[in-house]
2 protein chains.
Amino acid sequence: MLDKNHPLPIYFQLKELLREKIASGEWKPGDMVPSERELSEQFHISRMTARQALSELATEGLLRREQGRGTFVAEPKIEHGLTRLTGFTEDMKARGLRPGARVIRLELITPPLLAMQALQISPETKIVLLERLRLAEGEPIALETSHLHFPGVEALLNEDFENHSLYSILSEKYQITPARAVQKIGADLCSQREQALLNIGEGAPVLRNKRITYDQWGRPFEYTESAYRADRYVFQAELNAS
Amino acid sequence: MLDKNHPLPIYFQLKELLREKIASGEWKPGDMVPSERELSEQFHISRMTARQALSELATEGLLRREQGRGTFVAEPKIEHGLTRLTGFTEDMKARGLRPGARVIRLELITPPLLAMQALQISPETKIVLLERLRLAEGEPIALETSHLHFPGVEALLNEDFENHSLYSILSEKYQITPARAVQKIGADLCSQREQALLNIGEGAPVLRNKRITYDQWGRPFEYTESAYRADRYVFQAELNAS
DNA sequence: CTTCTATACTGGTATAGACCACTGAACCAC
DNA sequence: GTGGTTCAGTGGTCTATACCAGTATAGAAG
């Protein structure tokens with residue numbers, strides 16, 4: 001099972017092994033995992049080495065340790081999803097709604113000022129503009145205007161954004177993983193254009209969201225302005241004291 | 001410095017000691033802290049014990065470890081403040097504005113349905129209702145309606161909420177620390193009452209926030225509905241992938 | 001001067017052993 | 001049955017030691 005001559009440390013190999021047992025469902029939440037002494041005998045390693053693996057997994061939230069009782073597989077956290085970074089598609093699915101999209105604009109443009117600042121680029125840099133009407137159960141919910149910039153961004157012009165989500169295309173084809181986003185959320189009255197596209201009344205309120213999204217290396221690759229129908233959408237957030 | 005007979009573990013005492021050095025500013029971000037071997041000699045403890053203290057502080061983000069170089073005080077994170085739990089007062093101060101409050105209602109009531117569910121109480125339970133007009137630089141920004149419930153909540157009726165923030169009173173006098181909050185943020189048109197109090201035009205948009213706040217033991221103690229002037233306030237949030 | 005090398009640091013990993021505090025069950029006395 | 005004790009097993013703490021891997025520097029070699 002564990003290779004003492006492997007370049008990776010033993011405790012790390014053990015962590016991966018335990019992680020796999022949990023991910024595969026072989027060990028379910030609430031199950032007791034082998035004790036430190038059992039693991040150290042079974043794998044012929046020191047108790048402290050086994051302990052390091054268990055402790056780190058406990059810190060990561062996968063295990064729960066109880067003095068005098070044992071170490072158990074932790075219950076999966078419910079909390080998240082409120083402060084987790086997702087796109088419209090995943091957001092709607094989490095709400096139990098069928099997401100959809102109608103592409104309105106998809107073209108190479110020179111960036112407007114706000115997008116330029118958000119994406120930290122010069123005025124000459126060409127970016128991709130993607131405007132989509134977002135649907136839930138076939139009904140218009142939001143108007144999303146995305147400004148995208150990264151090496152080779154032009155290739156996006158040939159993608160199908162009506163049947164695939166932006167984030168899934170970016171991660172699968174372009175190896176860009178959204179890692180962090182900062183949003184500003186405000187209220188406003190809808191514009192005439194929004195009124196027509198979202199099929200709402202004149203002077204109806206909308207929730208406006210301006211989001212800058214950063215990739216796994218901390219580089220901003222997306223600046224999106226959205227207008228959500230106020231009667232169909234609320235933004236959920238979780239705050240912590242720490 | 002460290003007491004080996006103290007009920008608290010040595011590594012824990014050492015952690016607190018190091019934490020204090022950092023909090024007091026004696027050690028500044030980027031400074032190198034004593035090496036594991038130095039600490040073990042200085043305090044006559046095992047290197048592994050010193051190591052545990054340093055490792056845990058590194059996990060918490062206070063220290064940064066570099067193999068071959070040493071252990072350093074970490075740069076304070078900028079990120080937070082966006083997803084950190086604060087009340088109106090602290091929020092405004094963070095935006096560089098002078099906060100204020102005008103109490104409109106402060107009374108003991110039977111809870112409305114939404115407050116009942118949020119606070120997980122029965123219809124007979126009396127709660128304190130606190131309605132405040134919130135100001136920034138003397139100008140109305142938001143109308144906050146707070147429903148409060150905890151043992152001895154009636155005492156709040158005698159507090160001065162115009163010169164002290166709710167959260168500061170709760171933590172200083174009632175030992176209630178806001179630890180976590182869940183919010184739903186939506187857009188809407190202002191009501192007639194809000195229009196008058198906030199001094200905005202008829203049909204002006206407002207940002208509505210419904211917040212449930214939990215104390216350090218995970219018990220909900222506050223349910224607040226707020227209406228913010230859309231022209232003066234945007235909500236900021238940070239999202240992470242993990 | 002540059003380049004290599006030895007050396008003395010740093011944190012990272014791993015061992016073996018010891019004692020503590022807590023839990024739960026088995027057992028015994030009443 | 002009730003209440004206490006004993007005991008084995010668990011994680012928590014701590015020691016002492018060893019070697020590995022990465023970093024910086026001083027000094028030797030070119």
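Residue numbering restarts at 1 for every chain, and letters A, B, ... go by the order of the sequence lines.
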>> Give me each pair satisfying ring-ring contact (aromatic ring centres under 6.0 Å, His included) with a member in residues 165-185 of chain B, each pair once, sequence neighbours excluded.
In response: B:Phe150-B:Tyr174
>> If we count only N and O atoms by modelled type, under 3.5 Å, do the side chains of A:Thr89 and A:Arg134 hold a donor and an acceptor together?
In response: yes
> If you measure only the distance, is there a donor-acceptor pair under 3.5 Å linking the side chains of B:Arg65 and B:Ser55?
Replying inline: yes
> Among residues 62-74 of chain A, which contact DNA chain C at a heavy-atom distance under 4.0 Å?
Replying inline: A:Gln67, A:Gly68, A:Arg69
> Excluding sequence neighbours, so at least two apart, what forms salt bridge (charged side-chain N to carboxylate O under 4.0 Å, His left out) with B:Glu16?
Replying inline: B:Arg19
>> The criterion is salt bridge (charged side-chain N to carboxylate O under 4.0 Å, His left out); which residues satisfy it with B:Glu159, sequence neighbours excluded?
In response: B:Lys173
> Between B:Arg51 and C:dG12, is there a side-chain N or O to OP1/OP2 distance below 4.0 Å?
Replying inline: yes
>> Between the base of C:dG17 and the side chain of A:Arg47, is there a donor and acceptor pair under 3.5 angstrom?
In response: no
>> Test: side chain to side chain donor-acceptor pair (under 3.5 Å). Region: residues 109-124 of chain B. Which pairs qualify, not counting sequence neighbours?
In response: B:Ser122-B:Glu124, B:Ser122-B:Thr125
> Which heavy atom of B:Gly30 sits nearest a heavy atom of B:Arg64, and at what distance?
Replying inline: CA-NH2, 4.3 Å
>> Taking any atom closer than 4.0 angstrom to a non-hydrogen atom of chain B, what span of DNA chain D does the protein reach, first nucleotide to last?
In response: D:dT13 to D:dA24
> Which nucleotide sits closest to the side chain of A:Met48: C:dC19, C:dA14, C:dA16?
Replying inline: C:dA16
>> Within the 4.0 Å heavy-atom criterion, would you say B:Leu54 contacts the bases, only the backbone, or no part of the nucleic acid?
In response: nothing
>> Closest-nucleotide mapping onto DNA chain D: is A:Glu38 or B:Pro9 further toward the 5' terminus? I mean the 5' end.
In response: A:Glu38
>> Is there a side-chain contact between A:Arg98 and A:Met92 in this structure, where contact means two heavy atoms from C-beta onward sitting under 4.5 Å apart?
In response: no
> Can you tell me how far C1' of C:dA14 sits from CD of B:Glu36, to the nearest Å?
Replying inline: 14 Å
